[in-house]
Trainee: 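First, the structure itself, so that you have it in front of you.
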Amino acid sequence: MANLPAKISLSALLILLVFSLSFLVQIQGSQQREFDYFALALQWPGTFCQRTRHCCSSNGCCRSNSPTEFTIHGLWPDYNDGTWPECCSRSSFNMKEISSLLGELQKYWPSLSCGSPSTCFGGRGVFWAHEWEKHGTCSSPVIHDEYTYFLTALNLYSKYNVTGILTEAGYVASNSEKYPLGGVISAIENAVGASPLLSCSHGAVEEISLCFYKDFKPRDCIKIDSASRADLLASRSSCPRYISLPIYVPLSLRNDTAAVPWLSEAQAL
């Protein structure tokens with residue numbers, strides 16, 4: 001019994017430490033400076049779904065009518081220096097807030113993997129929860145609530161239809177054709193009025209980002225004051241000179257609940 005006070009003191013100390021760390025996290029989030037611009041990140045299912053090895057009901061890649069056009073990855077508040085704020089408040093995701101948008105979200109903003117991605121402050125949840133808690137909460141003072149965040153992303157996606165822009169320019173999904181990177185970028189620039197940012201995986205387009213000022217007018221995703229076009233292309237893309245837009249043939253939906261990681265640490269944004 002002689003050690004009882006010491007044990008109680010240790011427990012109290014641990015509880016105090018947990019609360020202190022939680023408070024510091026909240027303070028850190030509130031002190032993040034206001035973002036500079038928005039990036040609408042769009043993923044190409046034909047490339048992203050190639051890594052699917054197991055199926056589950058929540059994975060859009062596994063649908064018999066899996067997506068054949070760019071889908072939304074997220075609407076991200078970013079800084080001009082290439083960094084970004086994240087987890088800016090404890091505004092937890094609430095599915096009821098976006099119930100009227102679920103049809104459009106499932107079609108245009110599906111999860112393309114199994115598993116539960118991380119949310120802020122040690123939680124896990126659905127794909128939309130990750131995007132709202134990590135990125136959406138940092139959209140203030142432009143966007144203040146969950147519903148407006150998702151609706152804004154859907155509206156931008158619809159207004160600047162990248163799949164339609166590329167199709168009109170002759171860049172269509174194919175497992176045999178390769179297209180000039182400069183031509184793809186120019187097609188988007190001409191239609192949107194600003195330069196996109198592309199990323200590729202093994203020469204295939206994986207993601208295209210469109211960037212916007214806080215009033216949602218398009219802006220270049222990367223600002224380089226003095227650079228040749230070749231330097232500009234190289235600096236804003238992980239893609240080779242000729243790129244592909246592969247077609248994905250979905251796996252049959254099986255009773256296989258093995259989880260596939262939502263994103264690797266290197267890919268999580």
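Numbers for residues simply follow the sequence, beginning at 1.
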Trainee: Would I247 end up clustered with L112 when hydrophobic side chains under 4.5 Å apart are linked, directly or stepwise?
Mentor: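 No.
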Trainee: Between the main-chain N or O of Y79 and the side-chain N or O of T83, is there a donor-acceptor pair closer than 3.5 Å?
Mentor: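 No: the side chain of T83 does not pair with the backbone of Y79.
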Trainee: Closest heavy-atom contact between Q43 and E207?
Mentor: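 Where Q43 meets E207 most closely, the heavy atoms are CB-OE1, 4.1 Å.
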Trainee: Can you confirm whether the thiol sulfurs of C61 and C55 sit closer than 2.5 Å?
Mentor: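 No; the two sulfurs sit 2.5 Å or more apart.
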Trainee: Please confirm whether the backbone N or O of Q50 pairs with a side-chain atom of R53, one donor and one acceptor, at under 3.5 Å?
Mentor: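 Looks like yes, one N/O pair under 3.5 Å.
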Trainee: If I compare all heavy atoms of L75 with all of T152, which pair ends up nearest, and what's the gap?
Mentor: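 For L75 versus T152, the nearest heavy atoms are CD2-CG2, 4.1 Å.
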Trainee: To the nearest 0.5 Å, tell me how far D36 CG sits from N80 CG.
Mentor: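 Here the interatomic distance stands at 4.0 Å.
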Trainee: Is it the case that atom OH in Y37 sees more than 12 heavy atoms from other parts of the structure closer than 6.0 Å?
Mentor: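 More than 12 within 6.0 Å, yes.
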Trainee: Decide side chain to side chain contact (heavy atoms under 4.5 Å, CB included) for L42 and I72; before the verdict, give the C-alpha distance in whole Å, the side-chain angles of both, and the deciding distance to 0.1 Å.
Mentor: CA-CA 5 Å; L42 308 173; I72 301 171; 4.1 Å; yes
Trainee: Do the side chain of S158 and the main chain of N155 share a donor and acceptor less than 3.5 angstrom apart?
Mentor: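 The answer is no, because no donor-acceptor pair under 3.5 Å joins these two groups.
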Trainee: More than 12 heavy atoms of other residues, nucleotides or ligands under 6.0 Å from CD of E34: is that the case?
Mentor: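 Counting other residues, nucleotides and ligands, CD of E34 exceeds 12 neighbours.
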Trainee: Taking the side chain as every heavy atom from C-beta outward, state whether V142 and F35 have any pair of such atoms under 4.5 Å apart.
Mentor: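 With C-beta onward as the side chain, the pair touches.
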Trainee: Is the distance between the ring centroids of W44 and F70 under 6.0 Å?
Mentor: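 Aromatic pair counts; centres sit under 6.0 Å.
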Trainee: For the atom pair CG (L151) and CG (L105), what is the distance rounded to the nearest 0.5 Å?
Mentor: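 Between L151 CG and L105 CG, I get 9.5 Å after rounding to 0.5 Å.
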Trainee: How would you list, by chain and number, every residue that makes a side-chain contact (heavy atoms from CB on, under 4.5 Å) with R124, sequence neighbours excluded?
Mentor: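 R124 satisfies side-chain contact (heavy atoms from CB on, under 4.5 Å) with S116, S118 only.
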Trainee: For the CD atom of E133 and the CZ atom of F93, what is their distance to the nearest 0.5 Å?
Mentor: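 Atom-to-atom, E133:CD and F93:CZ are 8.5 Å apart.
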Trainee: Can you measure from CZ (F150) to CG (L101) and round to the nearest 0.5 angstrom?
Mentor: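 F150 CZ to L101 CG: 9.0 Å, rounded to 0.5 Å.
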Trainee: Verify whether one side chain among E104 and W109 offers a donor that lies under 3.5 Å from an acceptor in the other.
Mentor: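 Not at all, the side chains of E104 and W109 share no donor-acceptor pair under 3.5 Å.
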Trainee: Are any non-hydrogen side-chain atoms of P45 and Y248 less than 4.5 angstrom apart?
Mentor: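 With C-beta onward as the side chain, the pair stays apart.
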Trainee: How close do I188 and I208 get, heavy atom to heavy atom, and via which atoms?
Mentor: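 That closest heavy-atom pairing would be CD1-CD1, 3.9 Å.
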Trainee: Could you check if a side-chain atom of E146 sits within less than 4.5 angstrom of a side-chain atom of W128, using non-hydrogen atoms only?
Mentor: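 No - every pair of side-chain heavy atoms lies 4.5 Å or more apart.
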Trainee: Grab the two heavy atoms, one from S100 and one from Y147, that are nearest each other, plus how far apart they are.
Mentor: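 Smallest interatomic distance, heavy atoms only, reads OG-CE1, 3.5 Å.
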Trainee: For the CG atom of N161 and the CD atom of E69, what is their distance to the nearest 0.5 Å?
Mentor: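 With rounding to 0.5 Å, CG (N161) is 6.5 Å from CD (E69).
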Trainee: Are the side chain of T47 and the backbone N or O of V205 linked by a donor-acceptor pair below 3.5 Å?
Mentor: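 Yes: the side chain of T47 pairs with the backbone of V205.
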Trainee: Has the side chain of Y179 got a donor or acceptor atom that lies under 3.5 Å from a matching backbone atom of V172?
Mentor: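 Yes, Y179 side chain to V172 backbone: donor-acceptor pair under 3.5 Å.
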Trainee: Is there side-chain contact between M95 and L102, with at least one heavy-atom pair below 4.5 Å?
Mentor: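 Of all side-chain heavy-atom pairs linking L102 with M95, at least one is under 4.5 Å.
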Trainee: Taking less than 2.5 Å as the test, are the sulfur gamma atoms of C62 and C56 close enough?
Mentor: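 Unbridged: C62 and C56.
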Trainee: Restricting to non-hydrogen atoms, name the atom on W84 and the atom on D78 that form the minimum distance, rounded to 0.1 Å.
Mentor: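 Scanning both residues completely, I find the closest heavy atoms to be CB-OD1, 3.3 Å.
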Trainee: Classify the ring geometry of H73 against F127: parallel below 30°, tilted from 30° to 60°, perpendicular beyond 60°.
Mentor: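 The rings of H73 and F127 sit tilted, inter-plane angle from 30° to 60°.
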Trainee: Restricting to non-hydrogen atoms, name the atom on L198 and the atom on P196 that form the minimum distance, rounded to 0.1 Å.
Mentor: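 Residues L198 and P196, closest heavy atoms: CD1-CG, 3.8 Å.
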Trainee: At what distance, to the nearest 0.5 angstrom, does OH of Y160 lie from CG of L210?
Mentor: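 Here the interatomic distance stands at 9.0 Å.
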Trainee: Ignoring hydrogens and geometry, is there a side-chain-to-backbone donor-acceptor pair from Y157 to L40 under 3.5 Å?
Mentor: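 No, because the side chain of Y157 does not come within donor-acceptor range (under 3.5 Å) of the backbone of L40.
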Trainee: For T167 and G164, indicate whether the former's side chain and the latter's backbone hold a donor-acceptor pair under 3.5 Å.
Mentor: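 Pair absent, no side-chain N/O of T167 close to backbone of G164.
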Trainee: Taking C114's backbone N and O only, do any of them form a donor-acceptor pair with S58's side chain (distance below 3.5 Å, no angle check)?
Mentor: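 Side chain of S58 to backbone of C114, a donor-acceptor pair under 3.5 Å: no, none is there.
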Trainee: Please name all residues satisfying side-chain contact (heavy atoms from CB on, under 4.5 Å) with T137, sequence neighbours left out, ordered by chain then number.
Mentor: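 Listed in chain order: C88, S89, S91, W132.
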Trainee: Mark yes or no for whether K134, through its side chain, and W76, through its backbone, hold a donor-acceptor pair below 3.5 Å.
Mentor: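 Pair absent, no side-chain N/O of K134 close to backbone of W76.
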